[in-house]
Amino acid sequence: MAANELPKGITQRPDGRYMARFQYKGEKFCLYDYDIDSLTERITDLKYEVRHGLYVKEGGVTVNGWFEIWINEYKMNVVKEATLFRYRSAYNKHIKDAIGSKKLKDVRAENIQKLYNSLKGTETVVIVATILSGMFTQAYKNQIISKNPIPLTTVPRSRDEKKERRVLTVAEQELLLKHCNGNLRDMIEVSLSTGMRTGELRGLEWSDVDFENKIIHITGTLEEIEGRAFKETPKTKTSRRDIPMLANVERIFMRVKEEQEHKKTVLGDKYIAKDGLDNLVFRSKRGTPVSNSCYVRMIDRAVKRINDEGIEFEHVHPHTFRHTFATRCIESGMPPQVLKTILGHSSLAMTMDLYAHVLPDTKAEEMKKIEGLF
């Protein structure tokens with residue numbers, strides 16, 4: 001490219017590389033690249049970083065120091081409040097003491113791999129890997145480090161990671177509901193009849209329930225941070241959706257609404273309504289939101305009651321009800337594309353993966369359909 005055709009501030013060196021330079025408040029900055037388009041993009045980004053106080057020299061910045069810059073400048077306005085809390089919590093608990101005091105440029109792949117390996121078999125390793133990948137990738141883009149160690153590491157995966165999803169049989173559904181009552185029974189039955197995620201179920205508001213058109217609007221999830229509950233917007237576009245309201249669900253909602261109004265009258269000031277959460281469908285006896293931990297404990301107690309009767313019944317997680325709903329839909333012949341929209345999956349592949357977990361009895365019945373072809 002002729003010198004007079006080069007963008008302003010960019011020149012070509014004898015070795016073929018392009019050089020971009022600029023000066024800001026008396027300090028000179030210079031970048032090199034063989035690709036002029038890449039160099040133009042990099043110098044534009046660098047100018048922005050420098051002028052907005054985001055640029056950090058490679059020298060002495062530590063992992064702890066860079067985390068604060070990364071979380072405040074690159075994630076604060078991009079991810080949800082609950083995600084920010086999880087990032088900070090995981091960083092302080094698992095990363096800070098392990099490599100936080102190291103200079104960013106001195107962190108090697110083996111340092112990160114050792115940290116990953118210490119968390120092997122836990123769900124935490126995934127969020128830790130997400131944080132470190134984001135931090136070091138951004139640091140490399142900002143020219144703070146000359147090499148990114150992340151691609152040289154491997155996130156360990158548990159052998160049990162692909163373990164079969166727990167799905168209730170129809171008989172197990174009936175048995176569990178028989179040993180539940182009140183709020184817990186209502187929540188489980190609604191979950192089994194809609195496929196809602198636990199946060200969506202606990203965050204459901206009366207304004208989301210359309211009795212006239214028999215539709216449930218999924219508008220967000222209930223999140224909890226340090227004892228504070230709030231409703232968060234859906235994580236993806238597909239998570240915001242409408243679910244048809246079955247007759248049994250409608251009956252539950254109508255009864256719960258009537259019971260809530262009665263409780264408000266009886267308890268008066270003792271009926272606690274959290275700011276912004278006074279319209280929830282499912283509440284505790286005092287009117288407070290139902291936390292995920294409380295929901296899990298109630299389920300565990302129901303399972304214990306079954307086991308105490310001498311009946312073998314495996315552990316049940318709130319997400320089990322969502323998988324069970326999906327399985328019942330598959331067994332009934334619901335098309336994958338329809339199930340995808342009801343579950344709020346972002347891709348059809350996620351829905352199709354459920355078809356690999358259909359119960360053995362159903363697989364046998366489906367195989368019989370081709371029995372006469374051979």
Side-chain angles (χ1 to χ4, degrees), residues 164-206 208-209 211 214 216 218 221-222 224 229 243-264 266-267 271-272 274 277 279-332 342-343 354 357 359:
E164 285 285 315
R165 295 181 176 93
R166 168 85 159 107
V167 174
L168 301 177
T169 64
V170 174
E172 285 179 320
Q173 284 183 219
E174 295 173 352
L175 181 63
L176 180 61
L177 289 172
K178 180 182 176 182
H179 285 77
C180 298
N181 52 47
N183 212 24
L184 177 60
R185 192 188 194 288
D186 291 338
M187 291 177 71
I188 291 177
E189 185 171 345
V190 170
S191 185
L192 287 169
S193 303
T194 62
M196 280 190 277
R197 300 175 176 92
T198 175
E200 295 170 344
L201 178 73
R202 295 180 295 104
L204 193 68
E205 299 179 276
W206 288 117
D208 299 324
V209 180
F211 285 107
K214 301 186 187 307
I216 303 168
I218 305 301
T221 62
L222 188 68
E224 304 149 46
I243 300 175
M245 190 191 309
L246 299 180
N248 66 313
V249 175
E250 182 182 16
R251 288 193 295 271
I252 290 172
F253 284 161
M254 292 181 71
R255 175 173 48 75
V256 169
K257 191 172 183 62
E258 185 178 333
E259 290 173 353
Q260 271 191 16
E261 292 302 322
H262 178 68
K263 283 181 182 177
K264 286 181 183 179
V266 173
L267 294 177
Y271 190 83
I272 303 172
K274 294 282 187 179
L277 294 173
N279 197 34
L280 292 176
V281 173
F282 295 110
R283 299 167 170 274
S284 69
K285 292 181 180 179
R286 292 197 305 152
T288 55
V290 179
S291 69
N292 188 61
S293 58
C294 178
Y295 187 30
V296 170
R297 285 196 300 271
M298 289 192 294
I299 296 170
D300 288 344
R301 286 196 290 267
V303 172
K304 185 177 185 301
R305 286 194 291 271
I306 297 174
N307 291 329
D308 287 345
E309 291 184 7
I311 304 172
E312 187 175 343
F313 199 94
E314 293 182 19
H315 172 73
V316 176
H317 187 270
H319 215 62
T320 300
F321 308 135
R322 179 169 161 86
H323 292 319
T324 301
F325 166 80
T327 299
R328 294 293 93 85
C329 290
I330 294 168
E331 292 170 342
S332 300
I342 293 175
L343 293 175
L354 291 172
H357 296 83
L359 298 179

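As the structure is a prediction and not an experimental result, all values here were calculated from the model. Side chains are part of it too, since the values below use all heavy atoms of this structure and drop only hydrogens, waters and symmetry mates. Numbers here simply count residues along the sequence, with the first being 1.
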Could you grab the distance from atom [atom1] of [X] to atom [atom2] of [Y], nearest 0.5 Å is fine?
X: Asp208; Y: Ile218; atom1: CG; atom2: CD1; result: 7.0 Å
X: Asn279; Y: Gln260; atom1: CG; atom2: CD; result: 8.5 Å
X: Phe325; Y: Leu168; atom1: CZ; atom2: CG; result: 14.0 Å
X: Glu189; Y: Cys180; atom1: CD; atom2: SG; result: 10.5 Å
X: Gln173; Y: Leu192; atom1: CD; atom2: CG; result: 5.0 Å
X: Ile216; Y: Glu250; atom1: CD1; atom2: CD; result: 10.0 Å

Hey, are the side chains of [X] and [Y] touching, using non-hydrogen atoms and a 4.5 Å cut-off?
X: Phe321; Y: Met187; result: no
X: Arg301; Y: Arg297; result: yes
X: Thr320; Y: Ile299; result: no
X: Val209; Y: Lys257; result: no
X: Thr221; Y: Arg197; result: no
X: Leu343; Y: Arg322; result: yes
X: Tyr295; Y: Ile188; result: yes
X: Leu277; Y: Leu222; result: yes

Minimal non-hydrogen separation, [X] against [Y], with atom names:
X: Leu246; Y: Ser193; result: CD1-O, 3.7 Å
X: Phe253; Y: Trp206; result: O-CH2, 3.2 Å
X: Val290; Y: Ser284; result: CG2-N, 3.9 Å

Under 3.5 Å: donor-acceptor pair, side chain of [X], backbone of [Y]:
X: His179; Y: Leu175; value: yes
X: Asn183; Y: Arg283; value: yes
X: Glu172; Y: Glu314; value: no
X: Thr327; Y: His323; value: yes

Report task. Before giving the answer on side chain to side chain contact (heavy atoms under 4.5 Å, CB included), spell out for Glu174 and Leu177 the whole-Å C-alpha distance, their side-chain angles and the decisive distance to 0.1 Å. Result -> CA-CA 5 Å; Glu174 295 173 352; Leu177 289 172; 6.0 Å; no
Report task. Could you walk me through whether Glu331 and Arg328 pass the salt bridge (Lys or Arg N to Asp or Glu O under 4.0 Å) test, one step at a time? Result -> CA-CA 5 Å; Glu331 292 170 342; Arg328 294 293 93 85; 2.8 Å; yes
Query raised in the report: Is NZ or CZ of Arg166 both nearer than 6.0 Å to the six-membered ring centre of Phe313 and within 45° of the ring axis?
Result: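 Output yes; distance and angle both within limits.
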Query - Heavy atoms from other residues, nucleotides or ligands near NZ of Lys214 exceed 12 (cutoff 6.0 Å) - result: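 For Lys214, atom NZ is not crowded (no more than 12 foreign heavy atoms under 6.0 Å).
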Query raised in the report: Is the shortest side-chain N to carboxylate O distance from Lys304 to Asp300 below 4.0 Å?
Result: no
